[in-house]
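Following: one structure in structure tokens, then a few remarks.
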Amino acid sequence: MGFVMDFFTYETPKSVVVKSWTIGIINRLLQLLIILYFVGWVFLHEKAYQTKETTIESSVITKVKGFGRLRLSNGSVKVMDVADYISPPQGGAMFCIITATRVTKNQVQGFCPEDPTADKFRCGNDSDCRDQGTHQVGNGILTGRCVQFNSSLQMCEVQGWCPVEVDNSHKEVMTDAENLTIFIKNSIRFPLFDFAKGNIVPDITKDYIQSCNYHRDRAPFCPIFRLRDIVTWANQDFNTLVQKGGALGIKIEWICDLDKTEDKCVPRFSFHRLDKVSESNTVSRGYNFRYARFYRYPNGTEYRTLMKAHGIRIDIMVYGKASRFDIIPTVINMVTAFTSIGVGAVICDLILLNFLKGAEKYKASKFEEV
Amino acid sequence: MGFVMDFFTYETPKSVVVKSWTIGIINRLLQLLIILYFVGWVFLHEKAYQTKETTIESSVITKVKGFGRLRLSNGSVKVMDVADYISPPQGGAMFCIITATRVTKNQVQGFCPEDPTADKFRCGNDSDCRDQGTHQVGNGILTGRCVQFNSSLQMCEVQGWCPVEVDNSHKEVMTDAENLTIFIKNSIRFPLFDFAKGNIVPDITKDYIQSCNYHRDRAPFCPIFRLRDIVTWANQDFNTLVQKGGALGIKIEWICDLDKTEDKCVPRFSFHRLDKVSESNTVSRGYNFRYARFYRYPNGTEYRTLMKAHGIRIDIMVYGKASRFDIIPTVINMVTAFTSIGVGAVICDLILLNFLKGAEKYKASKFEEV
Amino acid sequence: MGFVMDFFTYETPKSVVVKSWTIGIINRLLQLLIILYFVGWVFLHEKAYQTKETTIESSVITKVKGFGRLRLSNGSVKVMDVADYISPPQGGAMFCIITATRVTKNQVQGFCPEDPTADKFRCGNDSDCRDQGTHQVGNGILTGRCVQFNSSLQMCEVQGWCPVEVDNSHKEVMTDAENLTIFIKNSIRFPLFDFAKGNIVPDITKDYIQSCNYHRDRAPFCPIFRLRDIVTWANQDFNTLVQKGGALGIKIEWICDLDKTEDKCVPRFSFHRLDKVSESNTVSRGYNFRYARFYRYPNGTEYRTLMKAHGIRIDIMVYGKASRFDIIPTVINMVTAFTSIGVGAVICDLILLNFLKGAEKYKASKFEEV
């Protein structure tokens, strides 16, 4: 019975009450500061009462529209459509708009002299044509022979697809590329909160989509982006990009406070040059890749057209952060706040027992020796 | 010496012991509540003693198998295999099963009248054929001329790949697509815990794989997914999807408590329509893209077959969350728990000094004025 | 006035001072331990004064260079370049180097006997040729007829692309693949801190890039990776990988303490086999995919070359963690540290009031009954 009695006694610390305006005001001011910090900064500004989630499920479907003109080496004009200049064609989050191409036609497997514009492969005799480094930079495997390119020039011979690509040959550059438009359909879902949304607002009409162009202020809900605008907003020079190629990023940010109405949860688009940092040095500027189209002669021999394609590569990157009221972080942060108020008392005690008039008296009252 | 002595004195707060059943029971109840909350919710349910990690390294290899039938416009049947209907072919985490195609054969560069089904491009004279908007929606660049399509119809002329795609022309739809199967090989690794696993369990046999179909309950470890099942589980209508195209997501979730045995760490598959939110409005339903196959006439002229492909695009998305016991969150949460018990005392003090019988007496004992 | 007076009184707990070396030393030791833990582990080692960010924007541009040799079935040698062995060609973060190919030429739509090496499709009469399972594993749709393959062998007939792929036919394997090099350009950005960097250091020269090969110790800033090295570092056998195919991961980790100088924020490369876990069982080893090249006979009939490509698939995965001093976690962790010191007092009280000589006396002084 005495044990149960003991268990249910309540202990509360005995306090010394100091009737001093100085320490009283300091104490209350400190408490006020701490409360203000937690209420104002931690709770209202940083929203410590919410759970935050950055995992996002995202699906991006894109569609490029428009036509470009290509002036061929024979002077005629070729009209390029989506099936010509988009690679890969699937309409995913990453694609490349091919804006300039160096075409090498009718290549077949065989032996031929190297590109005459490559000084490295000019030769006087066979001994100049041995592979030196580990990095193979030519257009084929060196055979070790030095052969006549024309009456005045000798070049090393290579085995591979012949004739080889010539570095300063005509590059077909697409004009009118600035008017190409990119349609972006992005659906996202925050799995933790089971909240889904898309960038195409429900009340949008087909007519609007057929005439609008995205603009941050004037048309923030238009899902059509003009290529020229994207390049401009990324602070790049359009003509350089068309000639040399480059990688642009379209970033879609969904920052959603789910305690507010759904209308406030809208995507924010921003545009960057992705390979910008590497641009600061002279090595490997621009963006290009090689691919080939394969054909067959009637006798069955395979031949190909090699394409060195410069283009604007576009990566659509989706990020998101959703937050919603949750009891656990609220409790934890409130406990931290309460505890922090206690920290103020430590400072007050320091002042009271050391710097205040009558400190000795307070010390005598506060401490009781055994 | 006196300084050292002072340093090693121990101060402990002087307590007032209140022998009151009321306040004693309230105090213990409050403490019990707080302890229950921390032990039950924070530690056992939320597993606050663990470090959590959502960074996951994942590799997805897919392989689609099966055949579809295509009834061509001339009545013959074409059998489609993987190399025909999968794009891109690399077996990555994103691919498209082309289920319906509008084929426009033998296109060459030139001038021709627009698609006769497009009312927008019907014309009486040349002035009707000027490009109005910024969005080029036709099949080529308008030349500004109005030309005869047939004896009764005049259409605007375009420059580009001719003849142009006709919007209501025969669409080849693949039948038997429901029996296509998708094999998914997913290997993951949690780098923080250096824990790796795959969705193919070690004791699976080749025979089992050749006959099984994934089912959440009946065959949760079968890595073969029937296309029809995926569409059904995503609550979509198979025939609409085959005709119009759409994007489906296969989500693989690895939620692993590494304090338990490895067997319990298994992937959970779920199936969604990814472009669902955008489906709620009438703009841009379905999923399609255009691509072309390029050929050469014996005289060297390039021609192409344009394909407008509708298909089921599948995105395999892998998410993971691993957790394991860690001393740091354990200590931090235990300190928070201990501290929270102190918060109970604040409430008890309030009751004791204000609402309890004999409050004045308690106040006198607790507070000592200086 | 009395109310305001009351509000500004300061209460401080009355303390009992125990002049005992034992408890004094225990108390200070406990406090020392707690402080050491927080300063040493939580603040210095775990850097609890920093905000951490794992969201990273990343762009990867790759370029493969080099040549491989293919010995064709007729004995001649074909030289493979980038446009032949890379798929897809865009130079993204995921690509496949095709190292071995089984080629089936001149396929047209029609009816033909199945692959003679597939025991499953050998037949005596038509009834052996009914489709049994749901998984279609042959090379076309079974017609249900058993036809003569040659004078001695009868096979089931299929409808599809004919002739069908034969499983043990000549596989063209690329030699010299070990010298292929992969150039990786990776630009990253931590959006929270607006910090951007790339793996190509500003003072790198074109000459250096043309001769260097990445090595963890000897050339950590060279962006060129030799294929053989990657395979070796991933602990794989090169020849097996070339024959069977497989998925390798190149992981780029950016772990950046932004309180230090920018030079210290460098990428760390590591190399893994991604489908390693699945390798532990016998099902579905390696990596391969099928694709086709389409041609037209002069009369317009389509034919194709089917390729079963084994290859080394490379996934470049970028992870990052940046951290920088931030006032909020600093304050929260300091409050936790202070509070934890109080936890030491609980233990000291336990010892003082129960196990120390003169415990009864201390109890009498500490507790005052009401």
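All values derive from a computational prediction rather than experimental measurement. Each chain gets a letter, A, B and so on, in the order the sequences are listed, and its residues count up from 1. Just so you know, these numbers use all the heavy atoms, side chains as well, and skip hydrogens, waters and symmetry mates.
Atom CG in B:Leu180 sits 9.5 Å away from atom CZ in B:Arg226 (nearest 0.5 Å).
Note: C:Glu302 leads C:Glu46, C:Glu302, C:Arg293 in heavy-atom pairs under 4.5 Å with chain B. Between chain B and the residues C:Cys348, C:Gly110, C:Gly311, the most heavy-atom pairs under 4.5 angstrom are made by C:Cys348. Between chain B and the residues C:Asp315, C:Ile98, C:Val17, C:Asp349, the largest count of heavy-atom pairs under 4.5 Å involves C:Asp349. With chain B as partner, the option from C:Lys19, C:Gln159, C:Glu253 having the largest number of non-hydrogen pairs under 4.5 angstrom is C:Gln159. Ranked by non-hydrogen atom pairs under 4.5 Å with chain B, the options C:His272, C:Met94, C:Met307 are led by C:His272. Note: C:Asn288 leads C:Val346, C:Val42, C:Thr9, C:Asn288 in heavy-atom pairs under 4.5 Å with chain B.
With a 4.5 angstrom heavy-atom cutoff, B:Tyr303 touches chain C only via side-chain atoms. For chain C, the nearby part of B:Glu368 is the side chain; its heavy atoms alone come within less than 4.5 Å. Of the two parts of B:Ser58, only the backbone, made up of N, CA, C and O, holds a non-hydrogen atom closer than 4.5 Å to a non-hydrogen atom of chain C. Residue C:Arg28 touches chain B through its side chain alone, counting heavy-atom pairs closer than 4.5 Å. Looking at C:Pro88, both its backbone and its side chain come within 4.5 Å of chain B, counting heavy atoms on both sides. Both the backbone and the side chain of B:Pro13 come within contact range of chain C, each with at least one heavy atom under 4.5 Å from a heavy atom of that chain.
Under 4.0 Å is where a charged nitrogen must lie from a carboxylate oxygen, and between B:Asp81 and C:Arg290 no such pair does. A salt bridge links C:Lys251 and B:Glu57; the closest N-O separation between the charged side-chain nitrogens and carboxylate oxygens is under 4.0 Å. Between B:Asp84 and B:Lys78, no side-chain nitrogen of the basic residue sits less than 4.0 Å from a carboxylate oxygen of the acidic one, so the salt-bridge criterion is not met.
Checked against ring-ring contact (aromatic ring centres under 6.0 Å, His included), C:Tyr291 has the following partners two or more places apart in sequence or in another chain: C:Phe289.
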